[in-house]
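Counting starts at 1 for both ligands and their atoms, in listed order.
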Amino acid sequence: MPSHRIIAIDGPAASGKSSVALALAQRLGFSHVNSGAMYRAVTWHVLQRSVDVHQPAAVVAAVEQSKIVCELVDSQSRILINDQDPTSHLRDDNVNRAVSIVSSIPRVRQILVPRMRECAKADNVVMEGRDIGSVVFPETPFKFYIDASPEVRVQRRRAEGQRDEIAARDRADSSRAASPLVVAPDAEVIDTSTLTIEGVVNEIMRRLKQKGLPI
Ligand code: DC
């Protein structure tokens, strides 16, 4: 059991997880860890190497051969691959299209999950993703599943000027065999469709207090 506190925020694409997780982390003075960014970074890396993402063995070989460093910088997670920082490419169209395929490969998850656990050894964290409450930190008592209606989520992505087939990504993320997107049985579900980011953060803070987090 890690000695630091872990708040798990899971949910589908464009549910508001990232904005909420960041604002919550700032409110609590915790670090913010975006696990989706780790899968995106690895996806960017294999695409850079012209690896066919439909060939799991080739993807695994490229990932195993690379040096992956995850660290907390100014209370934010950052991933370096072979000393390169892919941050500005994480939402490229080709990464959006391929990330669900790459993240469905069990060995890729097996490589990245320990990196996520390492981050929580360094600080209290708010960690967002798909399987944080169900697989990465099933023992944390602080788990939230953030959702919003499909229409609202599509609009949110459009407002960000992004081309992201979120319905297809959700289908892939929910139906894969390895650590699919699920609502952990002990997660608190919050529908953000009609809430502001501040409204969601306030609601999570209220529930964290109820659960005994000293805040
Ligand atoms: O949160 P995001 O949309 O940036 O995540 C990108 C993809 O990474 C998502 O489609 C599925 C995958 N992912 C995952 O499989 N497990 C996580 N904990 C986080 C993300």
Side-chain angles (χ1 to χ4, degrees), residues 6-25 32-47 53 56 59-60 63 68 70 76-79 81 86-120 125-138 140 143-148 150 152-154 156-184 187 192 197:
I6 296 145
I7 299 174
I9 311 264
D10 290 303
S15 54
K17 286 188 312 289
S18 292
S19 312
V20 165
L22 177 60
L24 179 67
H32 169 224
V33 180
N34 183 341
S35 67
M38 298 185 192
Y39 290 102
R40 286 174 178 276
V42 163
T43 302
W44 171 81
H45 175 71
V46 299
L47 291 172
V53 295
V59 172
V60 167
V63 176
I68 301 175
C70 300
Q76 285 283 329
S77 56
R78 187 183 67 164
I79 181 163
I81 305 199
T87 303
S88 61
H89 297 287
L90 297 183
R91 301 211 164 255
D92 288 356
D93 289 345
N94 60 347
V95 174
N96 281 340
R97 277 195 301 271
V99 66
S100 284
I101 302 165
V102 171
S103 62
S104 71
I105 302 172
R107 176 71 185 132
V108 170
R109 308 192 72 81
Q110 203 185 29
I111 291 169
L112 290 184
V113 165
R115 284 4 200 248
M116 294 166 202
R117 294 190 178 131
E118 278 295 310
C119 286
V125 295
V126 177
M127 192 174 298
E128 55 164 300
R130 301 291 188 290
D131 60 343
I132 306 305
S134 56
V135 173
V136 184
F137 292 110
T140 182
K143 298 180 188 180
F144 296 88
Y145 186 94
I146 303 289
D147 209 347
V152 167
R153 293 191 289 116
V154 166
R156 284 180 183 162
R157 273 296 187 264
R158 277 206 200 116
E160 291 168 353
Q162 279 213 51
R163 267 180 297 171
D164 187 359
E165 296 297 327
I166 59 172
R169 215 143 59 77
D170 287 347
R171 256 195 315 279
D173 296 344
S174 304
S175 62
R176 68 183 178 217
S179 310
L181 170 66
V182 289
V183 184
T192 70
I197 293 164

> So which protein heavy atom does atom 18 (N) of ligand 1 come closest to, and at what separation?
Asp131 OD1, 2.8 Å
> State whether the shortest distance between N or O atoms of Arg40 and N or O atoms of ligand 1 falls below 3.5 angstrom.
yes
> Is there a donor-acceptor pair under 3.5 Å between the side chain of Arg176 and the backbone N or O of Ser179?
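Indeed, once roles are kept as given, a pair shorter than 3.5 Å links the two residues.
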> Are any of the N/O atoms in Arg130 less than 3.5 Å from those in ligand 1?
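Among all N and O atoms of Arg130, at least one is under 3.5 Å from an N or O of ligand 1.
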> Considering residues, nucleotides and ligands other than Glu165, do more than 12 of their heavy atoms fall under 6.0 Å from its CD?
no
> Within ligand 1, which atoms have a heavy atom of Arg169 less than 4.0 Å away?
3 (O), 5 (O), 6 (C), 7 (C), 9 (C), 10 (O)
> Can you list the ligand 1 atoms lying under 4.0 Å from a non-hydrogen atom of Ser103?
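Those qualifying, in numeric order: 11 (C), 12 (C), 15 (O).
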> Hey, are Asp173 and Ser100 close enough side-chain-wise for a donor-acceptor pair under 3.5 Å?
yes
> With heavy atoms under 4.0 Å as the rule, classify the contact between Arg176 and ligand 1 as side chain, backbone, both or neither.
side chain
> Counting N and O atoms only, with roles assigned by atom type, does the side chain of Asp10 sit under 3.5 Å from a partner on the main chain of Gly133, one being a donor and the other an acceptor?
yes
> With no hydrogens and no angle check, is any side-chain donor or acceptor of Arg153 less than 3.5 Å from a backbone partner on Ala13?
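Yes; at least one donor-acceptor contact below 3.5 Å.
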> Would you say Ala13 touches ligand 1, if touching means a heavy atom closer than 4.0 Å?
no
> How does Arg91 reach ligand 1, by side chain, by backbone, by both or by neither, if only non-hydrogen atoms under 4.0 Å count?
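Within the 4.0 Å criterion, Arg91 contacts ligand 1 through side-chain atoms alone.
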> Donor-acceptor pair, Thr43 side chain versus Val95 backbone, under 3.5 Å?
no
> Suppose we measure from atom 20 (C) of ligand 1 to each protein heavy atom; which comes out shortest, and what is that distance?
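For atom 20 (C) of ligand 1, the nearest protein heavy atom comes out as Gly36 CA, 3.5 Å.
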> Between ligand 1 and Ser35, is the shortest N or O to N or O distance under 3.5 Å?
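So ligand 1 has an N or O lying under 3.5 Å from an N or O of Ser35.
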> For ligand 1, note which part of Lys17 has a heavy atom under 4.0 Å away: side chain, backbone, both or neither.
side chain
> Do Thr192 and Arg156 have a side chain donor and acceptor closer than 3.5 Å?
yes
> I'd like to check which ligand 1 atoms, numbered from 1 as shown, lie under 4.0 Å from a non-hydrogen atom of Ser100.
10 (O)
> Run the salt-bridge test on Arg115 and Glu118 with the 4.0 Å N-O cut-off and return the result as yes or no.
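No.
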> Strictly distance-based, threshold 3.5 Å: is any side-chain N or O of Lys143 a donor or acceptor partner for the main-chain N or O of Ser134?
no
> Arg109 near ligand 1, heavy-atom distance under 4.0 Å?
yes
